[in-house]
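All ligand and atom numbering here is 1-based and tracks the order in the structure.
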Amino acid sequence: MSHWMGKLKTLLMLSFTAIVLSACGKENLTALDPKGYGAEKSMDIMILSIVIMTAVFIIVAIIFTIAVVRFREKKGREDYIPKQVEGNHTLEIVWTAIPIVLVFVLAIPTIITIFDLADTAEAESSIKVEVTGNQYWWHFDYKGEEIQTSQDLYVPVGKKVYLDIQSSDVIHSFWVPTISGKMDANPENVNTMFIEAYEEGVYWGKCAELCGPSHSLMDFKVVAVSQDEFDQWVEDMKNVNPEEKPQDAVASEGQDLFEANNCMACHAIGSSPVAVGPNLTNYANRTAVAGILEPTKENLVDWIMDPESIKPGNKMTGNYPEVSRDEAEKIAEYLMQLDHSDVNPESAGGIID
Ligand code: HEC
Ligand SMILES: [Cu+2]
């Protein structure tokens, strides 16, 4: 294969990769279309760096091209050597000064943004949520409200919500690309940040720190609803009675099975602090089963029967009595009927895939 054929192949492969990757973004899982405070600030810095780097690239490319064309070896001047400029004072100063100026142009807005995003001035008067990362799910405890949820974090749109982020096991990282930056969830200290969504919607969250075999499946959502809906949701969640018997006979049997099979040892319904596994209050309104599967009854049954095949290494596998498919279906029916609020992902505009 000739020399340029090889280059052409590389070029084609790169373009193909670029096309494939450009289709990867989801509307609610992209840092490039920010719909929240942290994401917008990060995007501003990204644009600034890209503009500066593009300008530097273009200028260097132009100078380089001029040098190559003007000073190349030509017929008739084989032993021509251009004027040597080694040790030229002016040049040395210019090409030291320019990068220093550029570093400052990048550093100043970056530092201002870092302080801005760490600002806690409004923390006392805002909603506060204690966020705990666990292998491989997220727990949310609304401070002062006695509301505990998992996997779906409800927030009012246009308001700063302050998060105290930590981990119960290894290091995780809380990241909702469309509305926020990343923050590590550490076992030994609490990190803080705030999030603010500008538009109602269901935003996709990811664990951004390799934390075990199911790290890439540690998804969650931020559900941003209007202030009125949020207030309603808080009211509804505070009034959940975990002992409430379902009307439906199958669901009622499911509730008994849920209690008989030790599920309550790890899963709370209501605001109980039990959080070995996700809190299942209001399960009917979840955006996903186990954070990753469509919220259907079939998927829920599959999870209860064999969580290992869905999330390898999860902490539920092997730690509860085996249930038959029939039992799992009844339990699933019970969980799917845990509907305590009219505020749900649909009120936020639905789940976008
Ligand atoms: C030893 C503790 C433990 C026991 C007992 C247990 N689970 Fe779990 N469960 C977990 C953990 C941990 C997770 C989170 C797994 C993950 O996402 O990595 C989980 C996840 C789930 C989920 C998915 C939750 C979500 O957010 O979508 C459901 C549903 C569930 N369990 C149902 C049950 C049922 C039903 C039982 C009883 C038959 C049960 N669990 C028993 C620990 C437990
Ligand atoms: Cu993680």
query: Does ligand 1 have an atom under 4.0 Å from some heavy atom of Ala265?
result: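 Distance cut 4.0 Å: Ala265 fails for ligand 1.
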message: By the definition side chain to side chain contact (heavy atoms under 4.5 Å, CB included), identify the one residue from Ser347, Ser341, Pro156 that meets it with Glu229.
response: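 Going through the options one by one, the only one that passes is Ser347.
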- request: Would you tell me which option among Trp303, Tyr320, Trp137, Tyr334 has the nearest heavy-atom contact to atom 28 (C) of ligand 1?
  value: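 Result: the heavy atom closest to atom 28 (C) of ligand 1 is in Trp303.
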- prompt: When you measure from atom 13 (C) of ligand 1 to each heavy atom in Ser150, Ser214, Pro278, which option holds the nearest one?
  reply: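 Answer by nearest heavy atom: Pro278.
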- prompt: Under 6.0 Å from the six-membered ring centre of Tyr136 and within 45° of its axis: does the NZ or CZ of Lys311 meet both?
  reply: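 Pair Lys311/Tyr136 does not count as cation-pi.
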query: Quick one: does NZ or CZ of Lys206 land under 6.0 Å from the six-membered ring centre of Trp175, within 45 degrees of the ring axis?
result: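 Not satisfied by the 6.0 Å and 45° rule.
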- prompt: Of all the atoms in His215, is at least one N, O or S atom closer to the Cu ion (ligand 2) than 2.8 Å?
  reply: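 No, since none of the N, O or S atoms of His215 sits under 2.8 Å from the Cu ion (ligand 2).
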- request: Confirm or rule out an N/O/S atom of Tyr136, from backbone or side chain, lying less than 2.8 Å from the Cu ion (ligand 2).
  value: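 Checking the Cu ion (ligand 2) against Tyr136, no N, O or S atom falls under 2.8 Å.
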Contact atoms of ligand 1, heavy-atom distance to [X] under 4.0 Å:
X: Val289; value: 27 (O)
X: Gly277; value: 10 (C), 11 (C), 12 (C)
X: Asn262; value: 5 (C)
X: Asn314; value: 18 (O)
X: Leu300; value: 29 (C)
X: Ile331; value: 35 (C)

Measure the distance from [atom] to every protein heavy atom, then report the residue, atom name and distance (to 0.1 Å) of the closest one.
atom: atom 26 (O) of ligand 1; answer: Arg286 NH1, 2.5 Å
atom: atom 36 (C) of ligand 1; answer: Cys263 SG, 2.8 Å
atom: atom 33 (C) of ligand 1; answer: Met316 CE, 3.3 Å
atom: atom 4 (C) of ligand 1; answer: Cys266 SG, 3.3 Å

message: Restricting to N, O or S, what is the name of the atom of His172 that lies nearest the Cu ion (ligand 2)?
response: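 Within His172, restricted to N, O or S, the Cu ion (ligand 2) is closest to atom ND1.
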query: About how large, to 10 degrees, is the angle SD of Met218, then the Cu ion (ligand 2), then SG of Cys207?
result: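 That angle works out to 110° after rounding to 10°.
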task: Among residues two or more places apart or on two chains, list those pairs meeting salt bridge (charged side-chain N to carboxylate O under 4.0 Å, His left out) that have a residue in residues 248-270.
output: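 Found Lys245-Asp256, Glu253-Lys330.
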Is the shortest N/O to N/O distance between [X] and ligand 1 below 3.5 Å?
X: Asn319; value: no
X: Ala290; value: yes
X: Tyr136; value: yes

Hey, does the side chain of [X] reach the backbone of [Y] with a donor-acceptor pair shorter than 3.5 angstrom?
X: Gln255; Y: Glu244; value: yes
X: His215; Y: Glu209; value: yes
X: Asn299; Y: Glu294; value: yes
X: Asn282; Y: His340; value: yes

task: Kindly say whether the aromatic ring centers of Tyr154 and Phe140 come within a distance under 6.0 Å.
output: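 Centroid distance Tyr154-Phe140: not below 6.0 Å, so no.
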message: In this structure, is the centre-to-centre distance between the rings of Phe174 and Phe220 below 6.0 Å?
response: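 Yes, close enough.
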- prompt: Is Lys182 salt-bridged to Asp184, cutoff N-O under 4.0 Å?
  reply: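 So Lys182 does not pair with Asp184 through a salt bridge.
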- prompt: Relative to ligand 1, is Lys311 under 4.0 angstrom through side chain, backbone, both or neither, heavy atoms considered?
  reply: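 Contact part for Lys311 vs ligand 1: side chain (C-beta onward).
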query: Out of Gln151, Gln148, Glu130, which one pairs with His139 under the side-chain hydrogen bond (donor to acceptor under 3.5 Å, both in side chains) rule?
result: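 The residue from Gln151, Gln148, Glu130 that satisfies side-chain hydrogen bond (donor to acceptor under 3.5 Å, both in side chains) with His139 turns out to be Gln148.
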- request: Looking at His267, pick out the N, O or S atom nearest to atom 8 (Fe) of ligand 1 and give its name.
  value: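 Output for this pair reads NE2.
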- request: Grab the two heavy atoms, one from Ile269 and one from Pro242, that are nearest each other, plus how far apart they are.
  value: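 Looking at all heavy atoms of both residues, the closest pair is O-CB, 3.0 Å.
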